[in-house]
Amino acid sequence: MRLLVTYDGKAFSTMVAGMNAAASGAFRTQVAGVINKIGQEIHAGLIDPLKHQVGLHGSTIPRAIHDQPAGEGGLAYTLMTRGGDISLHYFGAHEGGGGVSAHPRDQQMFYSGAFMLSGPRGKRAASPKLNGQVYRNVAGGKWGGAIQKVKSGVFIPEEMVRGAARAAFERTVASRLPAEIGRLMTLIVGAR
């Protein structure tokens, strides 16, 4: 999934081409600079809403968002994320009361029958083989049977394009991009 910051008006694109030819490519570079500036602001402004929306706190979200700035390839600043279903381990999971509690999407959830520790009751301890992850027994409750890792159902790419993260993106684009492009146009027209 990706978010794209661009100023995509047909008349504007035609004007950029004409002014770019007159200015020996300098105008396109200046427009790319404005788009990159707004894109960096959006990147910074997207992190906190996305952290709260997903429920991951720390450096996971900032490391998950990658930027592709505007430049020779086009007048678009791209914010991309990749990733699959995130394990419950990363959402503050802890075992107790016949299951595991975790906080995906910043909401407490209880997964009955899930476990993170091994051993008999009263002597349960962390096992290096389980690696702190959350599992569920899929072999009918028999110890030594098949287990399966429990996932959260949270996908960072999907979360980035909806909810509070999307609202933050749209708010920044709507308030900042037209004003900055207008300021650049005023500077260019005023200099001629």
Side-chain angles (χ1 to χ4, degrees), residues 1-10 12-13 15-17 19-20 23 25-93 102-109 116 131-135 148-185 187:
M1 294 274 178
R2 62 187 182 146
L3 294 173
L4 195 62
V5 179
T6 184
Y7 203 82
D8 192 29
K10 188 172 183 177
F12 181 74
S13 296
M15 184 175 57
V16 166
M19 293 183 84
N20 197 39
F27 183 66
R28 184 179 180 86
T29 303
Q30 290 173 331
V31 171
V34 167
I35 291 173
N36 288 338
K37 176 183 173 184
I38 302 303
Q40 290 167 356
E41 289 178 20
I42 290 169
H43 182 131
L46 197 64
I47 291 172
D48 280 339
L50 194 54
K51 277 184 178 183
H52 292 295
Q53 184 174 320
V54 170
L56 290 172
H57 304 287
S59 64
T60 306
I61 297 295
R63 285 186 323 211
I65 301 174
H66 303 284
D67 302 357
Q68 184 177 3
E72 294 298 320
L75 295 178
Y77 187 95
T78 308
L79 296 165
M80 297 177 290
T81 60
R82 292 184 302 242
D85 198 352
I86 302 169
S87 295
L88 281 177
H89 166 79
Y90 299 102
F91 295 99
H103 297 86
R105 293 189 179 96
D106 263 353
Q107 298 173 357
Q108 183 172 358
M109 302 284 287
M116 297 174 69
N131 196 27
Q133 299 290 333
V134 179
Y135 291 92
Q148 182 179 35
K149 191 184 286 189
V150 180
K151 303 285 189 148
S152 64
V154 175
F155 297 82
I156 294 174
E158 290 177 5
E159 296 294 328
M160 186 174 81
V161 295
R162 65 177 169 201
R166 180 179 179 147
F169 170 80
E170 290 175 349
R171 183 175 50 250
T172 306
V173 168
S175 67
R176 297 280 294 130
L177 190 59
E180 287 294 320
I181 294 290
R183 187 182 68 76
L184 176 63
M185 296 299 294
L187 289 173

CZ (Arg82) and CE (Met80) are apart, to the nearest 0.5 Å, by 7.5 Å
If only atom types and distance count, is the side chain of Gln53 paired as donor or acceptor with the main-chain N or O of Arg162 below 3.5 Å?
yes
State, to 0.1 Å, how close Leu50 and Ala165 come at their nearest heavy-atom pair, and which atoms those are.
CD1-CB, 3.9 Å
Quick one, Val154 and Glu159 - any side-chain contact, counting heavy atoms below 4.5 Å?
yes
Pairwise side-chain contact, His43 with Ile65, heavy-atom cut-off 4.5 Å (strictly under)
yes
Can you tell me how far the NZ atom of Lys37 sits from the CG atom of Leu177, to the nearest 0.5 Å?
11.0 Å
CD1 (Ile42) and CD1 (Ile47) are apart, to the nearest 0.5 Å, by 12.5 Å
Do we see a donor-acceptor contact under 3.5 Å between the side chains of Asp106 and His57?
yes
One should read off an interatomic distance between Leu46 CG and Arg166 CZ, to the nearest 0.5 angstrom, of 12.0 Å
Please confirm whether the backbone N or O of Ala70 pairs with a side-chain atom of Asn36, one donor and one acceptor, at under 3.5 Å?
yes
Measure across Tyr77 and Gln40 and return the closest heavy-atom pair with its distance rounded to 0.1 Å.
OH-CG, 3.6 Å
Exercise: identify the closest heavy-atom pair between Gln133 and Tyr90:
NE2-OH, 4.3 Å
Check for a donor-acceptor pair, side chain of Ser87 on one end and backbone N or O of His89 on the other, with a separation under 3.5 Å.
no
Arg105 and Val54, any side-chain heavy atoms less than 4.5 Å apart:
no
May I ask you to decide if Gly153's main-chain N or O and Asp85's side chain share a donor-acceptor pair within less than 3.5 Å?
yes
Distance in Å, Leu56 CG paired with Ser152 OG, rounded so as to fall on 0.5 Å steps
7.5 Å
If I compare all heavy atoms of Ser175 with all of Ala179, which pair ends up nearest, and what's the gap?
O-CB, 4.0 Å
Residue pair Ala93 / Val134: nearest heavy atoms and the distance that separates them:
CB-CG2, 3.8 Å
Side chains of Phe91 and Met109, heavy atoms from C-beta outward: is any pair under 4.5 Å?
no
Shortest non-hydrogen pair, Ile38 vs Arg176, comes out as CD1-CB, 3.7 Å
Once rounded to the nearest 0.5 Å, what's the spacing between atom CD of Gln30 and atom CD1 of Ile35?
12.5 Å
